[in-house]
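Sharing a structure here in structure tokens format.
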Amino acid sequence: MPNLLYRKNLISIADLNVNELQLLLDTALQLKQQPRDDLLAGKLIASCFFEPSTRTRLSFETAVQRLGGKVIGFSDGANTSAKKGETLADTARIISSYADAIIQRHPKDGAARVLAEFSQVPVINAGDGTNQHPSQTLLDLVTIYETQGSLKNLKIAMCGDLKYGRTVHSLAQALKLFDCEFAFVSPPSLAMPDYITQELDAHGTKWQILANLEDAIEWADILYMTRVQRERFDAEEFAKIQGKFNLHANLLTNAKANLRVLHPLPRVDEIAPDVDNTPYAYYFEQATNGVYARMAMLALLLNEHID
Ligand code: CP
């Protein structure tokens with residue numbers, strides 16, 4: 001297959017077609033099976049994190065180094081000249097004159113697209129505000145494929161903060177291309193945004209809202225949990241929903257054997273520790289797949305051909 005992604009930016013899952021997603025998925029699975037240490041030889045990658053991160057930053061940096069590349073960057077925007085008022089446009093001009101690609105996490109929606117507009121080198125969005133997190137989606141796809149043997153025609157339940165959770169937006173956009181069905185479980189004020197459900201409708205994708213987690217567990221092949229942040233509610237409102245979107249091992253009694261529970265992490269109390277030892281838990285393996293997914297992104301952006 002030709003490399004459709006060479007020198008492209010990876011800003012939003014919505015920018016990728018099914019062939020490009022398949023190429024990323026195949027490359028990640030191949031790199032997991034057959035590690036390579038030459039695909040970024042001589043390349044310098046800028047890792048620019050204006051927002052906190054554990055998994056995304058460290059798995060990107062692991063991916064670069066394991067593929068033979070080198071990393072420059074920062075993990076706190078407060079230590080950069082953005083603090084003095086430098087624009088993202090100027091930041092892009094400068095960093096892209098140093099590095100062969102830029103990975104950026106930023107608190108503002110749309111920041112990755114602005115950076116890409118002014119960068120001379122490929123940009124990977126490592127999360128921008130509540131908007132998109134495409135590398136998380138790719139590792140989610142790798143994990144779903146690994147656990148289900150296919151991405152086609154799966155039943156995907158998403159639970160928690162579906163309004164502000166950028167991972168569920170990107171994942172729904174990707175999985176609709178593989179004819180999956182969706183069930184959404186969330187407090188009404190944190191429901192999946194209309195622009196996503198409208199995209200699902202336009203694509204002819206089936207979706208439903210379920211009132212409780214137990215119904216979703218019985219129905220699903222994948223249960224994708226996200227965190228409901230206390231600070232989104234006043235105390236009275238939070239008391240009404242507290243615990244309703246938390247998973248405990250005893251809720252999994254009627255799960256299908258193939259159900260796997262995923263979570264982008266970090267978790268707080270939405271997945272109890274007693275779930276970790278059930279056969280359904282797969283969120284730690286999911287985080288490990290971040291290295292291979294991110295290797296695939298970097299390798300494809302920076303190599304015209306991969307032998
Ligand atoms: N899943 C995820 O984005 O984790 P980090 O915030 O730790 O990178």
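All ligand and atom numbering here is 1-based and tracks the order in the structure.
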Exercise for the section: For ligand 1, indicate whether the residue T167 contacts it via side chain, backbone, both or neither (heavy-atom separation under 4.0 Å). Expected result: neither
Practice task
Could you establish whether E51 and ligand 1 come within less than 4.0 Å of each other, counting only heavy atoms on the residue side?
Solution key: no
Practice task
Measure across Y280 and A257 and return the closest heavy-atom pair with its distance rounded to 0.1 Å.
Solution key: CE2-O, 4.2 Å
Practice task
Specify the protein heavy atom at minimum distance from atom 7 (O) of ligand 1: its residue, its atom name, and the distance to 0.1 Å.
Solution key: T54 N, 2.8 Å
Practice task
Check whether any side-chain heavy atom of Y283 lies under 4.5 Å from a side-chain heavy atom of R267, and answer yes or no.
Solution key: yes
Exercise for the section: Would you mind listing which atoms of ligand 1 come within a distance below 4.0 Å of any non-hydrogen atom of L265? Expected result: 1 (N), 2 (C), 4 (O)
Fill in the blank from the handout: Filtering R55, H133, R105 for the heavy atom nearest atom 6 (O) of ligand 1 leaves R105
Handout entry: R105 to F49, cation-pi by 6.0 Å centre distance and 45° axis angle
Key = no
Problem - Cationic N near anionic O, under 4.0 Å, E51 to R166 - result: yes
Exercise for the section: Would you indicate whether R66, at its atom CZ, is surrounded by more than 12 heavy atoms from other residues, nucleotides or ligands within a distance under 6.0 Å? Expected result: no
Practice task
Please report the C-alpha distance between L4 and N19 in whole Å, then the side-chain angles of each, then the deciding distance to 0.1 Å, and finally whether the side-chain contact (heavy atoms from CB on, under 4.5 Å) criterion is met.
Solution key: CA-CA 8 Å; L4 311 163; N19 292 332; 3.9 Å; yes
Practice task
Give yes or no for whether the N/O distance cutoff of 3.5 Å, strictly under, is met between P52 and ligand 1.
Solution key: no
Handout entry: Heavy-atom nearest neighbour in the protein, as seen from atom 1 (N) of ligand 1, with distance rounded to 0.1 Å
Key = P264 O, 2.8 Å
